[in-house]
Colleague: 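One structure, as C-alpha coordinates, below. Some questions next.
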Amino acid sequence: MKKSIQYTYFFEHSPEIVWEYLTKPELMEQWLMPSNFQLTPGHDFQFRTNPMPAFEFDGNIYCKVLEIDPLKKLSYSWKGGPGNGITTMDTIVEWTLTPENNGTSLYLNHYGFEETVHLPVYPLMQEGWKKNIHKINELIKKAQHDTANA
Amino acid sequence: MTQQMLDAFQVIADPSRRYMLQLLSKDSMTINALAENFDMSRPAVSKHVKLMQAAGFISISDIGRERYCTLRQDGFKELQQWINYFDKFWINKLTKLESILNDRKKLTGK
(Lines give C-alpha, C1' and ligand atoms only; values in the text may rest on other atoms or scores of the structure.)
Protein backbone atom coordinates (compact mmCIF):
# COMPACT_ATOMS: atom_id res chain seq x y z
CA MET A 1 0.00 0.00 0.00
CA LYS A 2 1.27 3.43 -1.03
CA LYS A 3 1.96 5.80 1.87
CA SER A 4 3.19 8.88 0.03
CA ILE A 5 2.50 11.00 -3.03
CA GLN A 6 5.41 12.21 -5.14
CA TYR A 7 5.43 14.44 -8.17
CA THR A 8 8.15 16.32 -10.04
CA TYR A 9 7.28 19.25 -12.29
CA PHE A 10 9.63 21.34 -14.38
CA PHE A 11 9.04 25.06 -14.84
CA GLU A 12 10.86 27.38 -17.22
CA HIS A 13 11.31 29.88 -14.42
CA SER A 14 14.03 30.64 -11.90
CA PRO A 15 13.79 29.13 -8.39
CA GLU A 16 13.16 32.71 -7.13
CA ILE A 17 9.88 32.91 -9.07
CA VAL A 18 8.74 29.36 -8.22
CA TRP A 19 9.58 30.02 -4.54
CA GLU A 20 7.31 33.06 -4.58
CA TYR A 21 4.40 30.92 -5.75
CA LEU A 22 5.06 28.51 -2.86
CA THR A 23 5.38 31.14 -0.14
CA LYS A 24 3.29 34.23 -0.92
CA PRO A 25 -0.35 33.72 0.16
CA GLU A 26 -1.73 35.92 -2.64
CA LEU A 27 0.16 33.82 -5.23
CA MET A 28 -0.53 30.49 -3.46
CA GLU A 29 -4.22 31.28 -3.62
CA GLN A 30 -4.07 31.48 -7.43
CA TRP A 31 -3.20 27.81 -7.85
CA LEU A 32 -3.52 26.10 -4.46
CA MET A 33 -5.95 27.48 -1.86
CA PRO A 34 -6.53 30.59 0.24
CA SER A 35 -4.47 30.52 3.46
CA ASN A 36 -2.95 32.65 6.20
CA PHE A 37 0.52 31.27 5.49
CA GLN A 38 3.62 33.13 6.71
CA LEU A 39 7.19 32.26 5.88
CA THR A 40 8.15 31.83 9.55
CA PRO A 41 9.34 28.59 11.17
CA GLY A 42 6.71 27.24 13.58
CA HIS A 43 3.93 29.43 12.14
CA ASP A 44 0.49 27.82 12.40
CA PHE A 45 -1.76 28.37 9.40
CA GLN A 46 -4.78 26.93 7.62
CA PHE A 47 -5.80 26.21 4.08
CA ARG A 48 -9.47 26.28 3.27
CA THR A 49 -11.09 24.24 0.52
CA ASN A 50 -14.52 22.79 -0.25
CA PRO A 51 -15.91 20.56 2.49
CA MET A 52 -16.79 17.02 1.44
CA PRO A 53 -19.25 15.78 4.05
CA ALA A 54 -19.68 12.42 2.33
CA PHE A 55 -15.92 11.95 2.70
CA GLU A 56 -15.87 13.16 6.33
CA PHE A 57 -13.74 16.18 5.46
CA ASP A 58 -14.69 19.68 6.70
CA GLY A 59 -12.49 21.44 4.12
CA ASN A 60 -9.97 22.81 6.64
CA ILE A 61 -6.33 21.82 6.46
CA TYR A 62 -4.31 22.63 9.59
CA CYS A 63 -0.62 23.28 9.01
CA LYS A 64 2.56 24.31 10.78
CA VAL A 65 5.72 25.50 9.02
CA LEU A 66 8.40 22.91 9.78
CA GLU A 67 11.40 23.72 7.61
CA ILE A 68 12.53 26.69 5.51
CA ASP A 69 15.66 26.66 3.37
CA PRO A 70 15.13 29.71 1.12
CA LEU A 71 14.81 28.89 -2.60
CA LYS A 72 15.59 25.22 -1.87
CA LYS A 73 13.20 23.60 0.54
CA LEU A 74 9.95 24.18 2.37
CA SER A 75 7.92 21.79 4.48
CA TYR A 76 4.79 22.00 6.60
CA SER A 77 2.50 19.63 8.44
CA TRP A 78 -0.85 18.91 6.78
CA LYS A 79 -3.70 17.71 8.99
CA GLY A 80 -7.44 17.39 8.57
CA GLY A 81 -10.60 15.53 9.44
CA PRO A 82 -14.35 15.74 9.82
CA GLY A 83 -14.24 18.76 12.19
CA ASN A 84 -14.64 19.15 15.98
CA GLY A 85 -10.88 18.88 16.34
CA ILE A 86 -10.83 15.27 15.15
CA THR A 87 -7.75 14.50 13.05
CA THR A 88 -7.97 11.55 10.70
CA MET A 89 -5.12 12.70 8.45
CA ASP A 90 -1.74 13.64 9.93
CA THR A 91 0.78 14.13 7.12
CA ILE A 92 3.68 16.31 5.90
CA VAL A 93 4.04 18.26 2.65
CA GLU A 94 7.60 18.85 1.49
CA TRP A 95 8.70 20.98 -1.48
CA THR A 96 12.21 20.78 -2.96
CA LEU A 97 13.44 23.17 -5.66
CA THR A 98 16.45 22.38 -7.86
CA PRO A 99 17.80 24.73 -10.57
CA GLU A 100 17.90 22.83 -13.85
CA ASN A 101 18.34 23.80 -17.55
CA ASN A 102 17.55 27.49 -17.07
CA GLY A 103 14.51 26.56 -15.08
CA THR A 104 13.44 24.85 -11.87
CA SER A 105 12.58 21.31 -11.06
CA LEU A 106 9.96 21.24 -8.31
CA TYR A 107 9.60 18.05 -6.30
CA LEU A 108 6.57 17.43 -4.09
CA ASN A 109 6.63 14.75 -1.43
CA HIS A 110 3.41 14.42 0.55
CA TYR A 111 4.03 11.66 3.09
CA GLY A 112 2.88 10.11 6.34
CA PHE A 113 -0.39 8.60 5.14
CA GLU A 114 -1.51 5.68 7.28
CA GLU A 115 -1.57 2.32 5.59
CA THR A 116 -5.27 1.98 6.28
CA VAL A 117 -7.29 4.95 7.35
CA HIS A 118 -10.74 3.79 8.29
CA LEU A 119 -12.78 6.90 7.86
CA PRO A 120 -16.32 6.46 9.09
CA VAL A 121 -17.60 6.92 5.54
CA TYR A 122 -21.27 6.04 5.29
CA PRO A 123 -21.97 3.91 8.34
CA LEU A 124 -25.17 3.05 6.50
CA MET A 125 -23.20 1.43 3.72
CA GLN A 126 -21.46 -0.82 6.18
CA GLU A 127 -24.87 -2.10 7.25
CA GLY A 128 -25.71 -2.69 3.59
CA TRP A 129 -22.55 -4.72 3.06
CA LYS A 130 -23.19 -6.82 6.14
CA LYS A 131 -26.63 -7.64 4.79
CA ASN A 132 -25.28 -8.48 1.34
CA ILE A 133 -22.47 -10.59 2.78
CA HIS A 134 -25.00 -12.35 4.97
CA LYS A 135 -27.13 -13.04 1.89
CA ILE A 136 -24.16 -14.47 0.01
CA ASN A 137 -23.42 -16.73 2.98
CA GLU A 138 -27.00 -17.93 2.98
CA LEU A 139 -26.83 -18.67 -0.73
CA ILE A 140 -23.55 -20.57 -0.35
CA LYS A 141 -24.96 -22.57 2.54
CA LYS A 142 -28.04 -23.36 0.55
CA ALA A 143 -25.95 -24.42 -2.47
CA GLN A 144 -23.78 -26.66 -0.26
CA HIS A 145 -26.87 -28.09 1.34
CA ASP A 146 -28.41 -28.79 -2.05
CA THR A 147 -25.20 -30.43 -3.28
CA ALA A 148 -24.98 -32.52 -0.13
CA ASN A 149 -28.52 -33.75 -0.67
CA ALA A 150 -28.11 -34.37 -4.38
CA MET B 1 -20.43 6.66 -27.71
CA THR B 2 -17.77 5.75 -25.19
CA GLN B 3 -18.94 5.62 -21.63
CA GLN B 4 -17.83 8.40 -19.34
CA MET B 5 -15.57 7.19 -16.49
CA LEU B 6 -15.87 8.83 -13.08
CA ASP B 7 -13.61 8.34 -10.09
CA ALA B 8 -15.07 7.51 -6.68
CA PHE B 9 -15.09 11.17 -5.58
CA GLN B 10 -16.94 12.31 -8.68
CA VAL B 11 -19.48 9.54 -8.10
CA ILE B 12 -20.39 10.70 -4.59
CA ALA B 13 -20.28 14.40 -5.53
CA ASP B 14 -23.75 14.01 -7.07
CA PRO B 15 -26.69 14.11 -4.58
CA SER B 16 -28.91 11.80 -6.68
CA ARG B 17 -26.19 9.16 -6.86
CA ARG B 18 -25.58 9.49 -3.11
CA TYR B 19 -29.28 8.89 -2.51
CA MET B 20 -29.29 5.88 -4.85
CA LEU B 21 -26.39 4.35 -2.92
CA GLN B 22 -28.22 5.03 0.32
CA LEU B 23 -31.34 3.25 -0.98
CA LEU B 24 -29.24 0.32 -2.17
CA SER B 25 -27.54 0.10 1.22
CA LYS B 26 -30.87 -1.15 2.58
CA ASP B 27 -31.42 -3.81 -0.05
CA SER B 28 -30.78 -4.79 -3.66
CA MET B 29 -33.23 -3.11 -6.00
CA THR B 30 -34.26 -3.27 -9.63
CA ILE B 31 -33.50 -0.21 -11.77
CA ASN B 32 -37.26 0.34 -12.08
CA ALA B 33 -37.80 0.28 -8.32
CA LEU B 34 -34.87 2.66 -7.90
CA ALA B 35 -36.31 5.02 -10.53
CA GLU B 36 -39.60 5.27 -8.62
CA ASN B 37 -37.78 7.30 -5.94
CA PHE B 38 -36.65 9.97 -8.39
CA ASP B 39 -38.14 12.73 -10.47
CA MET B 40 -36.01 11.75 -13.44
CA SER B 41 -36.61 9.46 -16.39
CA ARG B 42 -35.71 5.79 -16.20
CA PRO B 43 -32.94 6.21 -18.84
CA ALA B 44 -31.46 9.00 -16.68
CA VAL B 45 -31.48 6.70 -13.63
CA SER B 46 -30.02 3.94 -15.76
CA LYS B 47 -27.18 6.25 -16.82
CA HIS B 48 -26.31 7.01 -13.18
CA VAL B 49 -26.45 3.29 -12.40
CA LYS B 50 -24.01 2.51 -15.22
CA LEU B 51 -21.57 5.19 -14.01
CA MET B 52 -21.70 3.76 -10.50
CA GLN B 53 -21.20 0.26 -11.85
CA ALA B 54 -18.12 1.37 -13.84
CA ALA B 55 -16.64 3.00 -10.71
CA GLY B 56 -17.10 -0.20 -8.68
CA PHE B 57 -19.91 1.00 -6.39
CA ILE B 58 -22.56 -1.44 -7.54
CA SER B 59 -22.98 -4.63 -9.52
CA ILE B 60 -25.89 -5.43 -11.79
CA SER B 61 -27.27 -8.92 -12.18
CA ASP B 62 -30.06 -10.10 -14.43
CA ILE B 63 -32.55 -12.19 -12.53
CA GLY B 64 -35.42 -13.29 -14.73
CA ARG B 65 -36.48 -10.25 -16.71
CA GLU B 66 -35.33 -7.76 -14.10
CA ARG B 67 -31.96 -6.08 -13.60
CA TYR B 68 -30.98 -5.97 -9.93
CA CYS B 69 -28.50 -3.45 -8.49
CA THR B 70 -26.43 -4.49 -5.47
CA LEU B 71 -23.80 -2.48 -3.57
CA ARG B 72 -20.17 -3.42 -4.10
CA GLN B 73 -17.40 -2.50 -1.69
CA ASP B 74 -14.69 -1.66 -4.23
CA GLY B 75 -15.82 1.89 -4.99
CA PHE B 76 -16.10 2.72 -1.31
CA LYS B 77 -12.61 1.47 -0.53
CA GLU B 78 -11.13 4.30 -2.58
CA LEU B 79 -13.11 6.83 -0.55
CA GLN B 80 -11.73 5.48 2.70
CA GLN B 81 -8.20 6.56 1.86
CA TRP B 82 -7.01 10.16 2.16
CA ILE B 83 -4.09 9.38 -0.11
CA ASN B 84 -6.40 8.75 -3.09
CA TYR B 85 -8.09 12.07 -2.56
CA PHE B 86 -4.86 14.06 -2.30
CA ASP B 87 -3.18 12.25 -5.17
CA LYS B 88 -5.83 13.69 -7.51
CA PHE B 89 -5.78 16.97 -5.61
CA TRP B 90 -2.04 17.54 -6.25
CA ILE B 91 -2.15 16.63 -9.95
CA ASN B 92 -4.94 19.15 -10.28
CA LYS B 93 -3.13 21.92 -8.37
CA LEU B 94 0.29 21.40 -9.95
CA THR B 95 -1.22 21.48 -13.42
CA LYS B 96 -2.83 24.78 -12.49
CA LEU B 97 0.50 26.18 -11.25
CA GLU B 98 2.09 25.05 -14.50
CA SER B 99 -0.46 26.91 -16.60
CA ILE B 100 -0.20 30.07 -14.46
CA LEU B 101 3.59 30.09 -14.81
CA ASN B 102 3.38 29.39 -18.55
CA ASP B 103 1.00 32.31 -19.01
CA ARG B 104 3.32 34.51 -16.98
CA LYS B 105 6.17 33.54 -19.25
CA LYS B 106 4.15 34.56 -22.32
CA LEU B 107 3.19 37.89 -20.74
CA THR B 108 6.46 39.00 -19.20
CA GLY B 109 8.99 36.81 -20.96
CA LYS B 110 10.49 35.71 -17.65
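Proteins come first, then strands; the chains are lettered A, B, ... in the order of their sequence lines, and each starts at number 1. Any value given below was found using the heavy atoms of this structure, including those in side chains, with hydrogens, waters and symmetry copies removed.
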Colleague: Could you tell me if the ring centre of A:F45 sits under 6.0 Å from that of A:Y76?
Modeller: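 For A:F45 and A:Y76, the ring centres are under 6.0 Å apart.
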
Colleague: Which atoms of A:L108 are under 4.5 Å from chain B, going by heavy atoms: the side chain, the backbone, both sets, or neither?
Modeller: side chain

Colleague: Is the gap between the ring centers of A:W78 and B:W90 under 6.0 Å?
Modeller: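 A:W78 vs B:W90: aromatic centres under 6.0 Å.
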
Colleague: Report the relative orientation of the aromatic rings in A:F57 and B:Y85; use parallel for angles under 30°, tilted for 30 to 60°, perpendicular for over 60°.
Modeller: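 A:F57 vs B:Y85 ring planes: perpendicular.
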
Colleague: Run the numbers on B:D14 and B:Y19 for side-chain hydrogen bond (donor to acceptor under 3.5 Å, both in side chains), then give the verdict.
Modeller: CA-CA 9 Å; B:D14 182 274; B:Y19 187 46; over 6 Å; no

Colleague: Ring centroids only, cut at 6.0 angstrom: are A:F11 and A:Y21 within range, meaning strictly under it?
Modeller: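 Between A:Y21 and A:F11, which both carry aromatic rings, the centre distance is not below 6.0 Å.
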
Colleague: Given a strict heavy-atom distance threshold of 4.5 Å, which part of B:S99 is in contact with chain A: side chain, backbone, both, or neither?
Modeller: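 It is neither, since no heavy atom gets under 4.5 Å.
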
Colleague: Heavy-atom distance under 4.5 Å to chain B: side chain of A:L27, backbone, both or neither?
Modeller: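 No part of it gets close to chain B.
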
Colleague: Heavy-atom cut-off 4.5 Å, strictly under: side chain, backbone, both or neither for B:I100 against chain A?
Modeller: side chain

Colleague: Please flag which part of A:L22 lies under 4.5 Å from any non-hydrogen atom of chain B: side chain, backbone, both or neither.
Modeller: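 Nothing of A:L22, per the 4.5 Å heavy-atom cut-off to chain B.
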
